[in-house]
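Reminder, nothing fancy here: chain letters follow the sequence lines and each chain counts from 1. These values consider heavy atoms only, across backbone and side chains, with no hydrogens, waters or symmetry-generated copies.
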Amino acid sequence: MTMIFGIPLQAFFGQLLIGLINGSFYALLSLGLAVIFGLLRVINFAHGAQYMLGAFVAMLMLQYFGINYWFALLLAPLVVGLFGAIVERLLLSRLYKLDHLYGLLFTFGLALTIEGTFRYLYGSSGQPYAPPPQLTGATNLGFMFLPNYRGWVVVVSLVVCIGTWLLIEKTKLGAYLRAATENATLVQAFGVNVPLLLTLTYGIGAALAAFAGVLAAPVYQVSPLMGSNIIIVVFAVVVVGGMGSIMGAILTGYMLGIAEGLTKVFYPEASNIVIFVIMAIVLLIRPAGLFGRDA
Amino acid sequence: MSDAIQTTATVRTERSATASKTYMAFLAIGILLLAIAPFFFYPIFLMKLLCFALFACAFNLLLGYTGLLSFGHAAFFGGAAYFTAHVVKEWGFPPEIGILVGAAGAAGLGLIMGFFAIRRQGIYFAMITLALSQMFFFFCLQAKFTHGEDGIQSVPRGHLFGFIDLADTTNMYYFVLAVFLIGMVVIWRFINSPFGMILKSIRENEQRAISLGYSVARYKLGAFVMSAALAGLAGGTKALVFQFATLTDVGWQMSGEVILMTLLGGIGTLIGPVFGAGLVVALQNYLATSQFPVTIITGVVFMVCVLLFRRGIIGEFYASRLGRKLGFEHRR
């Protein structure tokens with residue numbers, strides 16, 4: 001068997017793929033966090049809960065209405081995004097003039113409530129969600145077998161990340177968003193409805209999290225705890241990347257996912273904490289984060 | 001941070017003589033109530049309450065008096081519980097030394113975590129402390145001496161100073177009460193010291209504190225270590241009360257709980273977190289027998305507090321007409 005660094009090649013690429021999958025989710029989630037933080041200056045602790053909601057909505061849609069994966073991939077983000085927009089408009093928007101920490105605390109409470117409710121209704125154990133029939137099976141790449149669904153996750157998350165980046169950097173809506181990030185008062189004076197923009201941004205962020213949740217449902221199991229497990233790691237990703245740039249959030253997500261996967265090959269005991277260790281090192285060398293502008 | 005977190009506090013220097021008297025009277029009544037409480041309530045419940053009250057007050061030292069929101073205080077509380085449980089059970093240390101080892105261990109952890117966390121401010125500070133405490137959680141999950149999911153069980157309470165048997169619940173209660181009161185005196189002394197005044201100035205305006213020549217980072221680190229040590233004191237004591245140390249105490253949910261206690265009682269009030277802790281612990285006790293999960297209530301209370309009730313119970317009392325009549329001054 002071919003070996004690389006004393007590890008069988010199969011195992012090496014297998015873990016690299018898992019790293020890439022995790023990295024896709026980190027990238028999608030930290031992207032959403034960065035978009036929300038950029039404009040609202042709120043760290044959305046409920047991001048993990050919204051990710052979990054996405055997976056649950058997809059599963060429930062299948063159970064009760066027989067809506068398949070492909071429609072769920074469109075509908076679940078819409079539902080969760082709408083829910084996010086309502087929460088923002090009714091509650092979160094009251095906190096903007098206060099210290100930013102209150103936004104964090106509020107969304108923390110929101111996350112606890114959502115998670116607690118789903119644990120109450122569906123128990124803590126995970127439930128399976130089958131991948132769509134078009135994407136079952138695996139492809140032989142010559143050096144390894146790639147499960148089709150996992151390949152799809154990597155491709156589609158890349159597309160969504162780049163799409164969001166283009167939306168923010170190249171469209172008129174994105175220009176409004178970036179302008180409002182720099183100076184909301186001035187943008188409002190030009191006749192742009194900034195409160196609506198804020199609601200829209202939070203809705204898009206929540207929808208992105210839900211999209212990641214639907215993508216994740218066939219890979220991991222659908223469980224009420226899936227959100228809180230991932231959100232803390234994503235926070236570390238965000239600290240490493242710095243929230244200054246959208247592209248930075250995406251790249252850091254992939255990088256750290258791959259770093260985590262490779263650690264699993266070489267030193268499995270540390271795979272849980274490697275991202276936190278990287279965070280500590282980055283804080284020592286570059287406190288503002290790899291791509292950060294704001295101190 | 002340009003706009004410091006909203007706090008309420010009594011201004012000691014401007015308090016009138018009558019207010020000082022009311023304050024002392026309240027204090028005396030409070031201590032008296034705590035002293036006779038075990039005859040009316042279940043002592044284990046009271047001890048749990050006192051441990052969490054001290055934990056919340058230690059946390060408030062950082063949030064209320066320095067303006068730093070730590071999302072990782074469970075590491076100190078639960079870490080100290082592990083340290084104390086380990087040295088008392090495996091090495092046969094007496095309880096008072098065991099608790100001090102727990103506090104010292106937590107202070108050491110605080111020094112390391114604080115060293116990294118104070119490099120960023122505000123929201124980043126909260127996220128970094130959360131991430132580092134999660135790292136400590138994974139360490140506890142895998143380390144040998146913590147026994148993973150089982151935790152350290154059947155920790156002996158031992159004999160205080162060699163002759164007071166703490167297996168007796170009444171003895172244990174008064175020991176815990178003594179630890180709590182010592183911790184509170186330390187906190188009170190600390191926030192009214194010149195060091196504490198500088199911390200408050202950092203909370204109000206960090207830039208100005210820097211321009212006045214204070215080494216802000218060092219003061220923040222000092223406050224962080226102090227807060228960690230006191231949280232450790234509470235955690236070590238809790239390990240002896242319940243005679244075990246488990247992963248629950250190092251999880252992020254615990255860090256969230258202590259924030260809720262402080263927020264509910266009143267950020268930046270000396271005594272507020274005690275009431276907050278009392279409410280949260282009582283609520284958990286009440287709901288423990290029902291099927292309804294505590295998390296939902298905790299989450300909703302969190303949101304309501306943040307939206308409507310940011311001063312907390314004691315903060316609202318100080319700001320109320322009665323509170324002002326009694327001479328408590330409310331400061332924004």
Side-chain angles (χ1 to χ4, degrees), chain A residues 37 41-43 45 49 87 91-92 94-95 97-117 119-120 224 228-229 231-240 242-243 269-277 279-281 283-284 286-289 292 294-295, chain B residues 1-6 63 67-69 71-72 112-113 115-139 141-142 251-253 255-257 259-260 263 267 291-308 310:
Chain A
F37 181 78
R41 297 280 138 188
V42 165
I43 276 291
F45 212 120
V87 168
L91 303 170
L92 192 57
R94 292 161 196 268
L95 298 173
K97 47 190 185 306
L98 303 169
D99 191 285
H100 304 321
L101 292 174
Y102 284 115
L104 177 71
L105 291 179
F106 173 81
T107 49
F108 178 68
L110 182 64
L112 285 183
T113 312
I114 297 174
E115 196 184 289
T117 309
R119 220 157 64 183
Y120 182 53
S228 56
N229 288 339
I231 193 66
I232 300 176
V233 178
V234 173
F235 278 175
V237 171
V238 162
V239 173
V240 171
M243 279 186 290
E269 289 81 7
S271 63
N272 278 333
I273 60 168
V274 63
I275 289 184
F276 302 127
V277 173
M279 180 193 81
I281 295 170
L283 279 173
L284 281 182
R286 243 185 100 87
D294 51 343
Chain B
M1 212 163 29
S2 53
D3 44 350
I5 200 152
Q6 181 191 347
L63 176 60
L68 296 173
L69 173 62
F71 234 106
I112 300 169
M113 263 173 77
F115 174 75
F116 289 104
I118 56 165
R119 291 171 170 262
R120 302 299 301 270
Q121 289 151 332
I123 284 169
Y124 284 99
F125 182 88
M127 288 197 291
I128 292 165
T129 46
L130 177 63
L132 291 175
S133 77
Q134 188 71 359
M135 185 168 151
F136 184 69
F137 173 86
F138 282 120
F139 168 76
L141 186 65
Q142 289 173 349
W252 60 267
Q253 292 90 343
S255 301
E257 246 168 57
I259 298 174
L260 180 65
L263 185 65
I267 297 170
Q291 286 293 310
F292 201 73
V294 187
T295 341
I296 299 181
I297 307 230
T298 316
V300 171
V301 174
F302 236 111
M303 289 192 284
V304 170
C305 274
V306 170
L307 285 171
L308 306 170
R310 283 181 291 274

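Comparing A:L110, A:I114, A:V233, A:I275 by how many heavy-atom pairs each has under 4.5 Å with chain B, the most go to A:L110. Ranked by heavy-atom pairs under 4.5 Å with chain B, the list A:L91, A:V277, A:N272 is led by A:N272. The candidate with the highest count of non-hydrogen atom pairs below 4.5 Å against chain B, out of A:L95, A:V238, A:L284, is A:L284. Heavy-atom pairs under 4.5 Å with chain B peak, among A:A111, A:A280, A:A270, A:G289, at A:A280.
Using the six-membered ring where Trp is involved, B:F138 and A:F276 have ring planes that are parallel, under 30° apart on the 30 and 60° scheme.
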Given B:L130 and A:F45, is the side chain to side chain contact (heavy atoms under 4.5 Å, CB included) satisfied, shown in steps?
CA-CA 12 Å; B:L130 177 63; A:F45 212 120; 3.8 Å; yes
Could you check B:L132 against A:M279 for side chain to side chain contact (heavy atoms under 4.5 Å, CB included), going step by step and ending with a plain yes or no?
CA-CA 9 Å; B:L132 291 175; A:M279 180 193 81; 3.9 Å; yes
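Neither the backbone nor the side chain of B:F125 comes within contact range of chain A; no heavy atom of the residue lies under 4.5 Å from a heavy atom of that chain. Neither the backbone nor the side chain of B:F137 comes within less than 4.5 Å of any heavy atom of chain A. For B:I128, the parts lying near chain A are the backbone and the side chain together; criterion is any non-hydrogen pair under 4.5 Å. A:F108 touches chain B through its side chain: at least one heavy atom from C-beta onward sits under 4.5 Å away, while N, CA, C and O do not.
With ring centers used as reference points, B:F71 lies 6.0 Å or more from A:F235.
Geometrically, B:R119 engages B:F115 in a cation-pi contact defined by less than 6.0 Å to the ring centre and at most 45° from the axis.
Considering B:V306, B:L69, B:I259, B:L68 as possible partners of A:L101, the one that fulfils the side chain to side chain contact (heavy atoms under 4.5 Å, CB included) test is B:L69.
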